[in-house]
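The block underneath contains the structure these notes are about, expressed in structure tokens.
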Amino acid sequence: MEYIKIKTDDFFHISRVALSGRTQDVSVLLHRVAKRNSTDPKVAKMLIDLLRERSTPSSFLRRTSEAPIPVDSDSRFQLLRVEEEPLISNEPVYAKSVKERLEQLVSERLNASLLLDAHLEPTRTVLFTGPPGVGKTLAARWLARETKLPLLTLDLSAVMSSYLGRTGSNLRNVLDYAKSINSVILLDELDAIAKRRDDFGEIGELKRLVTVLLQQLDDWPSSGFLIAATNHSELLDPAVWRRFEQLIEFPLPDRKAIKTFVFSMLRDSIPDADIWSDTLSIGLSHLSFSDIEQKINLARRAMALSNGHLSESLPSLLSDRDQSKQTRIDLAVSLVEEGIASQRKAHELTGVSREAIRKRTKSPVNPGAKK
């Protein structure tokens with residue numbers, strides 16, 4: 001029988017953590033021991049093999065039955081929303097840089113053994129930033145689905161106990177629970193609990209939440225995956241920024257992304273979805289995915305109630321006069337050249353003069369234009 005040589009301090013630390021029942025933290029410590037023993041390949045390999053066996057995910061339902069979902073001691077409401085198999089209504093569309101980063105996160109999880117062989121760990125903590133409606137929450141759902149892990153979403157309103165002294169305890173209980181299972185946990189609207197500690201407008205309890213969060217981030221196990229999202233990154237405590245291993249910024253969608261997204265929403269509803277998606281990518285270019293989805297669904301509801309055709313309602317989405325002059329001109333020209341509207345109708349929708357439209361269009365007369 002072979003024995004692994006471990007320093008006395010390491011052995012004591014691992015024993016103390018194991019006796020406290022924190023099995024995920026034991027895995028983290030063993031991985032650190034394996035890295036420190038890289039000069040002894042035999043020891044490192046034995047520990048890595050042990051960790052690989054341990055990383056095989058057990059039944060989520062069985063694990064959750066052993067550790068019930070944390071609840072608030074006052075209201076008895078559950079503090080987490082659990083989705084064993086997250087569903088996505090529309091596939092996400094992201095900028096190339098964002099898509100590549102997300103795909104690498106998935107690859108790290110699916111090929112963790114390769115990282116272990118190189119004495120590395122998968123990314124444990126990621127911070128998503130960007131304006132509302134650009135797909136941050138959807139990205140967390142997509143990551144959970146692609147890695148075949150359950151998604152845990154922290155309900156911040158539930159964590160904020162009516163007895164403020166218990167809020168820190170609620171947060172700690174939630175994160176300890178998430179550590180105990182292989183999962184993706186999403187902390188949405190992180191700025192609500194991780195504001196700058198020099199914000200003198202905040203009460204002491206909210207400031208103490210930052211300290212609790214920092215401690216948890218430092219000890220997050222590689223078997224778990226913590227994602228935080230915020231619409232107001234400027235409000236975050238600087239110490240919180242430094243604790244995340246990766247930062248991914250989600251910009252407003254560009255025209256190409258909008259076109260792909262709109263086409264996915266319209267292709268089963270109208271025959272000329274490709275034409276409309278191209279035109280709407282101009283008219284809705286200043287909006288987020290969420291805003292675009294709301295506008296298109298509003299048009300769908302209007303047509304369903306009137307028993308009309310969706311193509312009749314879509315032009316109403318193009319009458320936003322807050323766009324730049326050049327964008328409105330491009331939109332008016334597209335409407336005419338695609339045969340969606342006459343010059344007169346394009347003028348009514350965009351505010352661009354018929355003379356300006358006539359000068360820019362390929363053909364001064366478009367017999368196929370719809371009145």
Side-chain angles (χ1 to χ4, degrees), residues 24-25 27-28 30-32 34-35 38 44-45 47-60 63 83-130 134-153 178-188 190 217-230 241-251 253-254 256-257 260-261 264 289:
Q24 298 287 7
D25 291 343
S27 297
V28 173
L30 286 175
H31 189 274
R32 291 174 183 171
K35 290 173 65 176
S38 57
K45 183 179 185 306
L47 285 174
I48 287 173
D49 288 343
L50 186 64
L51 287 167
R52 188 178 291 114
E53 293 174 9
R54 172 67 181 85
S55 66
T56 302
S58 57
S59 167
F60 174 69
R63 293 296 303 279
E83 299 174 72
E84 186 177 355
E85 296 181 357
L87 299 177
I88 297 177
S89 56
N90 290 308
E91 289 300 308
V93 179
Y94 294 121
K96 181 180 179 181
S97 59
V98 173
K99 182 180 179 182
E100 289 176 349
R101 298 280 294 280
L102 294 176
E103 288 176 344
Q104 179 172 333
L105 291 174
V106 172
S107 181
E108 289 180 9
R109 290 282 153 178
L110 299 182
N111 300 283
S113 60
L114 298 178
L115 295 178
L116 286 172
D117 289 340
H119 306 293
L120 297 170
E121 297 176 308
T123 300
R124 300 172 299 126
T125 56
V126 183
L127 177 61
F128 291 165
T129 67
V134 292
K136 299 187 296 295
T137 302
L138 180 60
R141 301 178 66 83
W142 183 84
L143 286 170
R145 187 191 69 179
E146 294 300 303
T147 55
K148 297 180 173 57
L149 292 173
L151 176 65
L152 314 180
T153 303
K179 280 183 176 182
S180 71
I181 58 177
N182 294 335
S183 64
V184 174
I185 178 170
L186 171 64
L187 309 183
D188 208 358
L190 181 67
L217 288 173
D218 285 339
D219 295 329
W220 202 259
S222 59
S223 55
F225 195 6
L226 184 147
I227 299 172
T230 178
W241 283 90
R242 295 192 295 270
R243 289 322 200 278
F244 286 94
E245 294 178 284
Q246 286 199 45
L247 168 66
I248 300 180
E249 185 173 356
F250 290 68
D254 59 17
K256 181 179 179 181
T260 302
F261 180 71
S264 70
F289 288 123

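The structure places CG of Asp117 at 11.0 Å from CG of Asn111, a figure rounded to the nearest 0.5 Å. Atom CG of residue Leu143 and atom CD of residue Glu103 lie 10.5 Å apart, to the nearest 0.5 angstrom. Once rounded to the nearest 0.5 Å, the distance linking CH2 of Trp241 with CG of Leu127 reads 5.5 Å. Between the CG atom of Asn182 and the OG atom of Ser222 there is a distance of 9.5 Å, given to the nearest 0.5 Å. Here CD of Glu85 is found 11.5 Å from CG of Leu149. Values are rounded to the nearest 0.5 Å. Once rounded to the nearest 0.5 Å, the distance linking CZ of Phe244 with CD1 of Ile227 reads 10.0 Å.
Glu245 pairs by the salt bridge (charged side-chain N to carboxylate O under 4.0 Å, His left out) definition with Arg124, not counting sequence neighbours. Not counting sequence neighbours, the partners of Arg243 by the salt bridge (charged side-chain N to carboxylate O under 4.0 Å, His left out) test are Asp218.
In this structure, the side chain of Lys136 does not engage the main chain of Phe250 through any donor-acceptor pair within 3.5 Å. Of the possible donor and acceptor atoms, one in the side chain of Arg101 sits under 3.5 Å from a partner among the backbone N and O of Leu247. For Tyr94 (side chain) and Gly135 (main-chain N/O), a donor-acceptor pair under 3.5 Å exists by modelled atom type.
Listed by first and then second residue, the salt bridge (Lys or Arg N to Asp or Glu O under 4.0 Å) pairs that reach into residues 86-96 are Glu91-Arg145, sequence neighbours excluded.
Side-chain polar atoms of Gln104 and Glu108 form a donor-acceptor pair below 3.5 angstrom. Checking Asp188 against Thr137 by side-chain atom types alone, a donor-acceptor pair falls below 3.5 Å.
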* To do: Determine, stepwise, if the pair Leu186 / Phe128 fulfils side-chain contact (heavy atoms from CB on, under 4.5 Å).
  => CA-CA 10 Å; Leu186 171 64; Phe128 291 165; 5.6 Å; no

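For the pair Val184 and Ala140, the tightest heavy-atom approach, listed with the atom from each and the gap, is CG1-O, 4.3 Å. The heavy-atom pair separating Thr147 from Arg109 by the smallest distance is CG2-CB, 3.7 Å. Across all their heavy atoms, Ala144 and Leu151 have their closest contact at CB-CB, 3.9 Å. Here the closest non-hydrogen pair linking Val93 and Phe289 is O-CZ, 2.9 Å. Scanning both residues, Glu249 and Val98, for their nearest heavy atoms gives O-CG2, 3.5 Å.
Looking at heavy atoms from C-beta onward, Glu146 lies out of side-chain contact with Leu102 at the 4.5 angstrom threshold.
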